[in-house]
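Worksheet for the structure shown next.
The analysis underlying the following values was restricted to heavy atoms, covering all of them including side chains, and did not include hydrogens, waters or symmetry mates. Here the structure is a predicted model, which is why all the values come from computation and not from measurement.
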Amino acid sequence: MQDPELVNQLKERLPEALFEKLNGSLSIDRDRLRFAEYKVRVLEERLRLVRIEKYGPGSEKLSDAQLELLELEPGVSSAEVEAESERAQLKLPLKGAKKHPGRQQLPAHLPRIEKIITCTPEQCVCGNCGKENSVIGYEKSEQLDVKPAEYFVVVTKREKRACKDCEEQGVKCAPAPVRIIEKGLASDRVVIDTVVSKYADHVPLYRQSAILERETGIDLSRATLDGWVMRVGELLRPITAAMGQELLSGSYIQADETTVGVQMHDGRGKNHQAYLWQYSRPRGSVVFDFRLGREREGPRRFLGNFEGLLQSDGYGAYDHIGGKAIVHAACWAHARRKFFDAVKLNPKDQTSIRIVVQINELFAIDAQVRVEELSQMDRHLLRMEKSKPLLDQIKTTIETARADALPKSALAKACNYTLTLWNRLSRFLEYPELELSNNLAENSMRPVALGRKNWIHLGSKEAGPRVAAILSIVETCRRLSLPVREYLGSVLPGLADFPINRVAELTPSAWAARN
């Protein structure tokens with residue numbers, strides 16, 4: 001009973017035993033009501049989370065009523081939901097809209113083909129004196145143009161020689177050029193283009209086969225193209241092993257993992273969920289490691305006795321691995337994402353919003369470093385000056401929020417996750433080279449996610465390590481801004497006979513240093 005005056009009146013008028021019984025009964029009812037309200041809030045939160053996951057990133061802009069209507073709409077797509085959620089946003093005035101940078105300049109490294117347009121005969125003659133007008137300059141404009149892929153046949157004729165007087169010496173023939181696919185129908189450039197199209201541009205092999213038939217009239221089966229890809233992957237495995245050693249010899253590795261379906265050919269008709277573990281250095285090499293499972297054995301084997309900084313999302317498989325001096329660091333982007341999920345579930349949750357804003361300020365400090373192109377030591381000094389006091393504020397806000405949040409709410413889970421990893425999240429104050437987040441590693445996973453939507457799965461478990469090798473090379477070249485076709489064209493021919501003890505000379509970083 002909430003009203004003290006009413007409680008006193010009942011206490012005076014009712015027998016003591018009856019009053020105590022009535023008061024106890026009402027207390028039980030109040031507890032049940034509070035528990036029911038708590039349960040309803042948790043279930044509503046879970047329901048909204050399911051709807052957000054189902055309808056995509058734009059759905060947090062919709063109300064629960066709108067989500068219910070869309071859920072009942074037959075055949076509605078996530079794109080339509082996102083478009084509907086953003087329609088109201090378009091009606092609002094834009095705040096702080098960026099000014100248009102003006103006409104974009106075309107890259108200077110692209111070749112230029114000049115085309116001169118002459119004046120008409122009337123323009124070539126002066127309208128006053130009749131003399132010929134002189135050329136005084138040109139009005140110049142540039143447009144990006146393209147020459148469609150042109151397929152042609154390279155005829156290689158190897159010279160044969162023999163002595164007419166000494167038949168016993170036999171015939172001598174010029175050596176055959178080293179090729180990726182010996183005696184294959186396709187040139188090295190076609191093979192490389194197939195690999196790059198699949199793993200950089202996400203064009204599955206069946207589409208590439210259809211394109212070749214349409215453009216050339218040649219019917220090359222998907223199995224043939226797959227053979228080329230697997231050959232390239234097998235050749236690249238020693239190089240990616242050397243790249244792994246490069247990573248392990250350094251002092252800082254970011255790690256992440258993602259799923260990939262694998263056809264097991266065991267008669268079940270189901271794909272096995274395997275994993276691609278990714279290890280990388282910011283603005284450096286990326287190595288994918290294929291494993292059939294997500295257990296600790298994967299990172300344990302790859303990292304060995306690594307004793308530097310290991311930054312991950314807090315997944316337990318990374319614990320208790322590496323050497324004795326290994327230092328674990330966590331990712332602020334993952335912590336922020338959990339609070340942002342709480343905001344999506346409850347857009348009026350001021351506590352979650354405040355924490356997200358504070359974490360944004362933390363990232364803004366590091367962004368200032370990048371804009372001003374400061375050194376690592378300057379970044380460390382700036383972090384100690386600005387990030388350290390901000391970090392103390394964030395921790396205080398999170399501890400207060402956890403005390404007030406429902407135990408199983410998204411906010412409570414975000415608080416528990418962040419406070420559990422607090423020591424790892426604070427490591428960036430001790431190590432100047434440590435990034436705030438694992439976002440660079442996550443960005444390297446995006447091509448895999450895009451690929452899964454196109455080539456869907458791996459054809460066998462044997463294909464896993466080969467695909468991992470190709471992805472490692474493609475993503476490393478992207479990070480280092482290397483032309484992947486030029487790199488592959490340089491290292492693949494003759495790679496099968498290259499001395500294994502010198503293969504470190506062929507890694508993308510070593511190749512870039514030479515070229």
Side-chain angles (χ1 to χ4, degrees), residues 107 109-113 144-162 170-240 454-455 459 463 466-467 469-471 473-474 476-478 481-499 502-503 505-508 510-512 514-515:
H109 70 272
L110 292 178
R112 260 62 176 176
I113 299 176
L144 182 66
D145 204 352
V146 62
K147 183 179 181 180
E150 181 181 351
Y151 291 93
F152 53 91
V153 177
V154 174
V155 180
T156 302
K157 300 172 72 174
R158 295 159 55 205
E159 189 177 66
K160 295 192 296 183
R161 288 180 176 265
V171 177
K172 301 185 185 302
C173 185
V178 180
R179 297 174 56 195
I180 301 172
I181 309 294
E182 296 293 340
K183 300 180 181 180
L185 187 66
S187 72
D188 289 350
R189 279 188 293 197
V190 172
V191 173
I192 290 170
D193 189 68
T194 301
V195 172
V196 173
S197 293
K198 179 171 182 179
Y199 293 106
D201 302 324
H202 322 297
V203 182
L205 296 182
Y206 79 89
R207 291 186 201 159
Q208 295 191 51
S209 176
I211 291 170
L212 280 170
E213 185 174 8
R214 183 187 68 217
E215 300 294 331
T216 68
I218 300 174
D219 182 13
L220 289 175
S221 69
R222 183 171 52 181
T224 299
L225 304 186
D226 184 64
W228 300 348
V229 172
M230 290 298 101
R231 174 61 175 165
V232 169
E234 189 62 30
L235 288 172
L236 291 176
R237 288 184 67 184
I239 295 180
T240 55
N454 290 274
W455 38 259
R466 301 171 186 177
V467 171
I470 295 172
L471 289 170
I473 295 296
V474 170
T476 299
C477 285
R478 185 193 67 81
S481 300
L482 300 180
V484 63
R485 284 183 171 84
E486 185 179 340
Y487 169 78
L488 292 175
S490 173
V491 303
L492 281 175
L495 183 55
D497 299 320
F498 196 82
R502 292 178 50 203
V503 77
E505 301 172 12
L506 302 180
T507 63
W511 185 86
R514 288 197 312 274
N515 293 276

Gap between atom NZ of K198 and atom CG of L471 - 0.5 Å precision: 9.5 Å
Residues which pass side chain to side chain contact (heavy atoms under 4.5 Å, CB included) with A210, listed by chain and number, not counting sequence neighbours: none
Separation of Y206 OH from N454 CG (nearest 0.5 Å): 7.5 Å
Criterion side-chain contact (heavy atoms from CB on, under 4.5 Å) against L492, the qualifying member of I192, D188, V178: I192
Approximate separation, where rounding is to 0.5 Å, of S197 OG and H202 NE2: 11.0 Å
Per-pair distances, 0.1 Å, donor-acceptor, side chain in residues 219-233, under 3.5 Å, sequence neighbours excluded:
{"residue": "S221", "atom": "OG", "partner": "T224", "partner atom": "N", "Å": "3.2"}
{"residue": "S221", "atom": "OG", "partner": "T224", "partner atom": "OG1", "Å": "3.0"}

For G170 against A162, the heavy-atom pair lying closest together: O-CB, 3.7 Å
Those residues that, when tested against R502, pass side-chain hydrogen bond (donor to acceptor under 3.5 Å, both in side chains) (two or more places apart): E505
Partner set under side chain to side chain contact (heavy atoms under 4.5 Å, CB included) for V153, not counting sequence neighbours: V155
side-chain hydrogen bond (donor to acceptor under 3.5 Å, both in side chains) partners of residues 481-498, not counting sequence neighbours, each pair once: D193-R485, S490-W511
Partner set under side-chain hydrogen bond (donor to acceptor under 3.5 Å, both in side chains) for E213, not counting sequence neighbours: none
Residue pairs passing the side-chain hydrogen bond (donor to acceptor under 3.5 Å, both in side chains) test where at least one lies in residues 172-185, sequence neighbours excluded: none
Over all atoms of both residues, closest heavy-atom pair of L212 and T216: O-OG1, 2.5 Å
Which residues share a side-chain hydrogen bond (donor to acceptor under 3.5 Å, both in side chains) with R161, sequence neighbours left out: E159
Residues which pass side chain to side chain contact (heavy atoms under 4.5 Å, CB included) with P175, listed by chain and number, not counting sequence neighbours: none
Greater than 12 external heavy atoms within 6.0 Å of I113's CD1: no
Pairing residues for R478 by the salt bridge (Lys or Arg N to Asp or Glu O under 4.0 Å) criterion, not counting sequence neighbours: E475
Non-hydrogen atoms of P508 and L482 that approach each other most closely: O-CD1, 3.5 Å
Under the side-chain hydrogen bond (donor to acceptor under 3.5 Å, both in side chains) test, residues paired with R112 that sit two or more places apart: E142
Spacing of SG belonging to C173 relative to CZ belonging to R158, to within rounding of 0.5 Å: 4.0 Å
By side chain to side chain contact (heavy atoms under 4.5 Å, CB included) - contacts of P238 (at least two apart): I500, V503
Stepwise side chain to side chain contact (heavy atoms under 4.5 Å, CB included) check, L506 with L495: CA-CA 9 Å; L506 302 180; L495 183 55; 3.4 Å; yes
L110 CG to D145 CG distance, which is reported to the nearest 0.5 Å: 11.0 Å
Heavy-atom check, side chain of I180 versus side chain of L235, under 4.5 Å: yes
N/O donor-acceptor pair under 3.5 Å between T240 side chain and R237 backbone: yes
Reported CD1-to-OH distance for the pair I218 and Y151, which is rounded to 0.5 angstrom: 9.5 Å
Contact check, side chains of W455 and L205, non-hydrogen atoms, under 4.5 Å: no
